[in-house]
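Down below is the structure, laid out as structure tokens.
Heads up: numbering here begins at 1 and tracks the sequence.
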Amino acid sequence: MANLFEYAPAPESRAIVKINPSYDLFIGGEFVPATGGALKSVNPATEEVLAEFGVASEADVDRAVAAARTAYDRIWSQMPGSERAKYLFRIARIIQERSRELAVLESIDNGKPIRETRDVDLPLVAAHFFHYAGWADKLSYAGYGPDPKPLGVAAQVIPWNFPLLMLAWKIAPALACGNTVVLKPAETTPLTALAFAEICRQADLAPGVVNIVTGAGETGAALVGHPDVDKVAFTGSTEVGRGIARAVAGSRKKVTLELGGKAANIVFDDAPIDQAVEGVIDSIFFNQGQVCCAGSRLLVQESIEPELMDALRRRMETLRVGDPLDKNTDVGAINSAAQLAKITELTEAGEAEGAERWSPACELPSTGYWFAPTVFTNVSATHRIAREEIFGPVLSVLTFRTPEEAVAKANNTPYGLSAGIWTEKGSRMLAIAKKLRAGVVWANTFNKFDPSSPFGGYRESGYGREGGAHGLEAYLDV
């Protein structure tokens, strides 16, 4: 039956965002020129150059770490937790006040739909600062001793898939515990981090408490390897995470790594089909599948596979791909040309290895970086699309007959970040969850986050936890 309803375009206004032609580094409370050159930030939906931003050299990183050390020694570590909390509360409120502007800026710079930045990312960003503001004067009750102390200067390197949210995950607990920060955003998405620098000034945060240095891998390596850094926090690829682990091995630096994943989303024969389909859609097409904990492997009990796949294809046909600033858009642009090339390579490998590829009919824009929502069936556990992290809107479907087989297939991966279970039986949820080698297991939902809940993985998905009281440990000398 033909679709009876068509959506008129409903674009969010870009006019509420002011993007400067160029941006400097944020060091010691001031914007200062970089000495390592410049890079360009590009809108992935249009390939338009948005702005130039500075590349921090080793000398710039030195200055940033020195500013953080001075602020730590003289101001921030000496300040009572109740006073630090006031700044975190102030930052959280400013984020809420500027949330529409920040959501638009995130969508322009990253390519994700405005519906996600507005309704998911920005509320969670503010919530993390509110949450850790509440912890700042209660650290002695967090379970890490009667008088836990901060570590010092934290070097934080964040990815491009959730630029502002990953910033909040890292900066909020670090500041609550009394540490100061030097943060490097991803080279494709620096703009909201630089906007956050303005928020720090708006909140009258002491100079040097938060420093933001932009650049590519060389800048991140200089920051992670700096001898005066006490803590390293990284979210990104497993390959880069391994390099960081090698770089800090044998040093006194405390490290947390949140790396890649290849999550299994397991649907049992008693699961409510429509609810499970919505969960599958959310697990793999949210943020174009560019999520480390994405449910990129769908494990379906064999008896319901035809019914579930029919329902899933019908639902995929309703997904709207296009302008990230249109409030009706479900799937936005891929973040960069390099990421699009990686997705394309792996999906071509899937076809070459014999898996069956299907995408709904959708007209992709002629400019920008786009990839249609895609599902593969007849997938073998040996296929690259079942083993490697694609980091795109691509779902690989495998089947199972028994719960034991589901667990074995789910755990057949070097990763261990997340998993999902769909069943009406609570006892089955608990029994399966215990056997899954994953840091986070969702039951009858997926991709749900809360600042009070810990998140993290193990094996090749990294180590350490972010969120909740667990997230304080990484920033305390315990």
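Applying the side chain to side chain contact (heavy atoms under 4.5 Å, CB included) rule to A56 yields the partners L25, D60, V61, V213, T219; only residues at least two apart in sequence or on another chain are considered.
When atom types are taken as modelled, the side chain of S461 and the backbone of L259 share no donor-acceptor pair closer than 3.5 angstrom. Judged by distance alone, the side chain of S77 and the main-chain N or O of G178 form no donor-acceptor pair under 3.5 Å. Judged by distance alone, the side chain of N179 and the main-chain N or O of P150 form no donor-acceptor pair under 3.5 Å. A side-chain donor-acceptor contact under 3.5 Å links Y144 to the backbone of A469. Between the K254 side chain and the E473 main chain, a donor and an acceptor come within less than 3.5 Å of each other. For the pair T238 (side chain) and G260 (backbone), a donor-acceptor distance under 3.5 Å is present. Without hydrogens or angle criteria, T214 side chain to G54 main chain gives a donor-acceptor distance under 3.5 Å. Side chain of N43 to main chain of A45: a donor-acceptor pair is present (N/O by atom type, distance under 3.5 Å, no hydrogens or angles). T192 places no side-chain N or O within 3.5 Å of a backbone atom of A195 that could act as its donor or acceptor partner. Between the side chain of H128 and the backbone N or O of L124, at least one donor-acceptor pair lies under 3.5 Å.
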Report the C-alpha distance between W358 and T374 in whole Å, list the side-chain angles of each, state the deciding distance to 0.1 Å, and finish with yes or no for side chain to side chain contact (heavy atoms under 4.5 Å, CB included). CA-CA 6 Å; W358 182 87; T374 298; over 6 Å; no

Go through the steps for F129 and I171 under the test side chain to side chain contact (heavy atoms under 4.5 Å, CB included), then give the verdict. CA-CA 9 Å; F129 279 98; I171 289 182; 4.2 Å; yes

Evaluate the side chain to side chain contact (heavy atoms under 4.5 Å, CB included) criterion for residues F371 and V331: first the C-alpha distance (whole Å), next the side-chain angles of each, then the deciding distance (0.1 Å), finally the verdict. CA-CA 9 Å; F371 198 90; V331 180; over 6 Å; no

What verdict does the side chain to side chain contact (heavy atoms under 4.5 Å, CB included) test give for L175 and V210, after you've listed the backbone C-alpha separation in whole Å, the side-chain angles of each residue and the deciding distance to 0.1 Å? CA-CA 9 Å; L175 297 193; V210 170; 3.9 Å; yes

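Electrostatic pairing of D230 and R69 counts as a salt bridge here, judged by a charged N lying under 4.0 Å from a carboxylate O. With respect to the salt-bridge test (charged N to carboxylate O, under 4.0 angstrom), the residues R357 and E351 qualify. A salt bridge does not link K342 with E388: none of the charged nitrogens is closer than 4.0 Å to a carboxylate oxygen. Salt bridge E258/R465: absent, no basic N to carboxylate O contact under 4.0 Å. The pair R315-E278 meets the salt-bridge criterion, since a charged nitrogen lies less than 4.0 angstrom from a carboxylate oxygen. A salt bridge is absent between E101 and K18: the closest approach of a Lys/Arg side-chain nitrogen to an acidic carboxylate oxygen does not fall below 4.0 angstrom.
The number of heavy atoms from other shown groups lying within 6.0 Å of CD (E58) does not exceed 12. No more than 12 heavy atoms of other residues, nucleotides or ligands sit less than 6.0 Å from atom CD of E239.
For the pair Y23 and I212, the minimum side-chain heavy-atom distance is 4.5 Å or more. Side-chain contact between I91 and F196: present, with at least one pair of heavy atoms (C-beta onward) separated by less than 4.5 Å. Between T347 and I385, every side-chain heavy-atom pair lies at or beyond the 4.5 Å cut-off. The shortest side-chain heavy-atom distance between E106 and L165 does not fall under the 4.5 Å cut-off. Within the 4.5 Å cutoff, no side-chain heavy atoms of E460 are placed close to those of E389. Annotation: side chain of V255 is in contact with side chain of Y463 (closest heavy-atom distance under 4.5 Å).
Counted by atom type alone, S336 and T188 present zero donor-acceptor pairs between their side chains at under 3.5 Å. A donor atom on one side chain and an acceptor atom on the other are not found under 3.5 Å apart for T256 and K170. Remark: the Q202 side chain and the R98 side chain contain an N/O donor-acceptor pair separated by less than 3.5 Å. Remark: the T117 side chain and the S107 side chain contain an N/O donor-acceptor pair separated by less than 3.5 Å. In this model, a donor atom of one side chain and an acceptor atom of the other lie less than 3.5 Å apart for S41 and D109.
Residue pairs meeting the salt bridge (charged side-chain N to carboxylate O under 4.0 Å, His left out) criterion with at least one partner in residues 73-84, sequence neighbours excluded, are E83-K86. Sorted by first then second residue, the salt bridge (charged side-chain N to carboxylate O under 4.0 Å, His left out) pairs that include residues 40-51, not counting sequence neighbours, are R14-E48, K40-E52. Listed by first and then second residue, the salt bridge (charged side-chain N to carboxylate O under 4.0 Å, His left out) pairs involving residues 446-456 amount to none (not counting sequence neighbours). Applying the ring pair (Phe, Tyr, Trp, His ring centres under 6.0 Å) test to residues at least two apart or on different chains, none of the pairs has a partner in residues 215-241. Among residue pairs with one or both ends in residues 316-340, those qualifying as salt bridge (charged side-chain N to carboxylate O under 4.0 Å, His left out) are R115-D330; sequence neighbours excluded.
Taking the ring centroids of F26 and F31, they lie under the 6.0 Å cut-off. Ring centroids of W160 and F391 are separated by less than 6.0 Å, placing the two rings close together. Checked against the 6.0 Å centroid criterion, the rings of F449 and F455 qualify as a close aromatic pair.
Taking CG of L346 as the start and CZ of F376 as the end, the distance is 9.5 Å to the nearest 0.5 Å. To the nearest 0.5 Å, the span separating CG on L102 from CZ on R118 amounts to 14.5 Å. Distance check: S283 OG to N265 CG gives 4.5 Å after rounding to the nearest 0.5 Å.
Screening N287, N161, N110, L340 against N335 for a side-chain contact (heavy atoms from CB on, under 4.5 Å) leaves a single residue, N110.
Between F446 and W442, the angle of the ring planes lies from 30° to 60°, which puts this pair in the tilted group.
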